[in-house]
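Being a predicted model, the structure only gives us computed values, none of them experimental.
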Amino acid sequence: NAGVTQTPKFQVLKTGQSMTLQCAQDMNHEYMSWYRQDPGMGLRLIHYSVGAGITDQGEVPNGYNVSRSTTEDFPLRLLSAAPSQTSVYFCASRGGSYNEQFFGPGTRLTVL
Amino acid sequence: DAKTTQPTSMDCAEGRAANLPCNHSTISGNEYVYWYRQIHSQGPQYIIHGLKNNETNEMASLIITEDRKSSTLILPHATLRDTAVYYCIVRAGGSNYKLTFGKGTLLTVNP
């Protein structure tokens with residue numbers, strides 16, 4: 001299993017640009033989520049999904065959209081990038097023997 | 001989910017046991033204690049979790065006090081690769097999937 005994969009690893013955007021961060025998992029997990037991590041901070045939940053076709057907001061959803069058309073994929077869309085969205089973004093899926101969360105390697109986004 | 005309190009940082013000598021404390025005085029009866037760690041620049045990694053009883057796996061041991069208001073994560077023989085931020089998280093079981101991360105404890109294992 002590849003686990004949770006994220007693309008791209010790094011991205012630089014200009015203010016106002018849009019982009020999609022990709023996340024995929026091959027473990028057939030129903031639950032997936034997106035977090036952001038700012039320097040010196042813990043992770044904050046952006047959006048999550050409990051299954052295909054179902055999404056909900058987390059702690060910091062403004063400026064981000066998600067959709068879940070398949071079990072495997074959970075893309076995160078930045079509609080109009082702002083410097084405040086400069087962060088490291090982690091995708092996670094939940095499953096396994098202990099229902100623990102598996103995190104991807106992260107996408108490092110800089111908005112100029 | 002109950003709030004947790006952890007020290008900002010700790011040091012440990014390589015080969016010695018690392019004991020990381022966590023206070024969760026407002027924990028309720030259906031809430032589990034989870035531990036994750038994040039090695040620099042990587043995604044968080046699950047370590048262990050428990051409800052009431054002490055737990056042990058290949059990575060660590062988790063000691064939960066009888067009143068469940070605090071817990072300790074024990075890495076029995078710390079190595080340099082255990083240097084990471086350790087997060088103690090309390091969350092309800094069942095369909096509540098959300099994890100609320102605080103700032104965690106930066107454990108530095110010294111040679």
Side-chain angles (χ1 to χ4, degrees), chain A residues 2-7 9-10 21 23-25 27 29-51 54-61 68 74 87-110, chain B residues 1-9 20 22 24 30-62 73 84-107:
Chain A
V4 179
T5 58
Q6 293 184 238
T7 56
K9 285 188 169 58
F10 301 93
L21 280 62
C23 174
Q25 53 93 7
M27 297 173 282
H29 291 166
E30 291 295 328
Y31 178 83
M32 297 184 72
S33 55
W34 277 100
Y35 293 84
R36 62 176 286 174
Q37 185 173 34
D38 300 317
M41 304 287 289
L43 282 75
R44 291 184 293 171
L45 183 65
I46 304 172
H47 284 285
Y48 66 98
S49 169
V50 298
I54 305 169
T55 63
D56 206 346
Q57 296 181 348
E59 181 186 356
V60 287
R68 184 92 179 273
F74 191 41
S87 191
V88 181
Y89 291 84
F90 291 101
C91 179
S93 72
R94 183 178 184 266
S97 302
Y98 306 111
N99 275 329
E100 70 269 30
Q101 294 210 23
F102 297 83
F103 285 83
T107 293
R108 283 144 187 82
L109 175 67
T110 301
Chain B
D1 295 334
K3 182 179 170 59
T4 62
T5 304
Q6 299 178 253
T8 302
S9 63
L20 291 89
C22 179
H24 31 79
N30 68 337
E31 289 183 317
Y32 290 75
V33 180
Y34 278 77
W35 284 84
Y36 283 75
R37 74 179 182 183
Q38 186 175 24
I39 297 170
H40 182 61
S41 298
Q42 298 181 20
Q45 175 191 22
Y46 166 83
I47 302 173
I48 198 168
H49 76 284
L51 182 63
K52 295 181 181 178
N53 300 321
N54 298 337
E55 302 288 345
T56 296
N57 63 19
E58 65 277 6
M59 290 182 67
S61 295
L62 174 61
L73 179 73
V85 177
Y86 287 77
Y87 296 99
C88 170
I89 300 167
V90 170
R91 73 161 187 85
S95 60
N96 181 352
Y97 301 106
K98 301 178 188 179
L99 292 177
T100 301
F101 287 82
K103 294 186 179 181
T105 297
L106 173 60
L107 174 69

K.L.:
Quick check for you: to the nearest 0.5 Å, what is the distance between A/E59 atom CD and B/F101 atom CZ?
P.N.:
11.5 Å

K.L.:
Is any side-chain heavy atom of B/Q38 closer than 4.5 Å to one of A/F90?
P.N.:
yes

K.L.:
What's the spacing between A/F102 CZ and B/Q45 CD if we round to 0.5 Å?
P.N.:
10.0 Å

K.L.:
Please report the closest heavy-atom contact between B/Y87 and A/M41, naming both atoms and the distance.
P.N.:
OH-O, 4.1 Å

K.L.:
Any chance you could measure A/E100, atom CD, to B/L99, atom CG, to the nearest 0.5 Å?
P.N.:
10.5 Å

K.L.:
Please flag which part of A/L45 lies under 4.5 Å from any non-hydrogen atom of chain B: side chain, backbone, both or neither.
P.N.:
side chain

K.L.:
Does A/Q101 offer a backbone N or O that forms a donor-acceptor pair with the side chain of B/Y36 under 3.5 Å?
P.N.:
yes

K.L.:
Using modelled atom types and a 3.5 Å cut-off, is there a donor and acceptor pairing between side-chain atoms of A/R108 and backbone atoms of B/S41?
P.N.:
yes

K.L.:
Could you tell me which of A/G106, A/C91, A/G42 has the largest number of non-hydrogen atom pairs under 4.5 Å with chain B?
P.N.:
A/G42

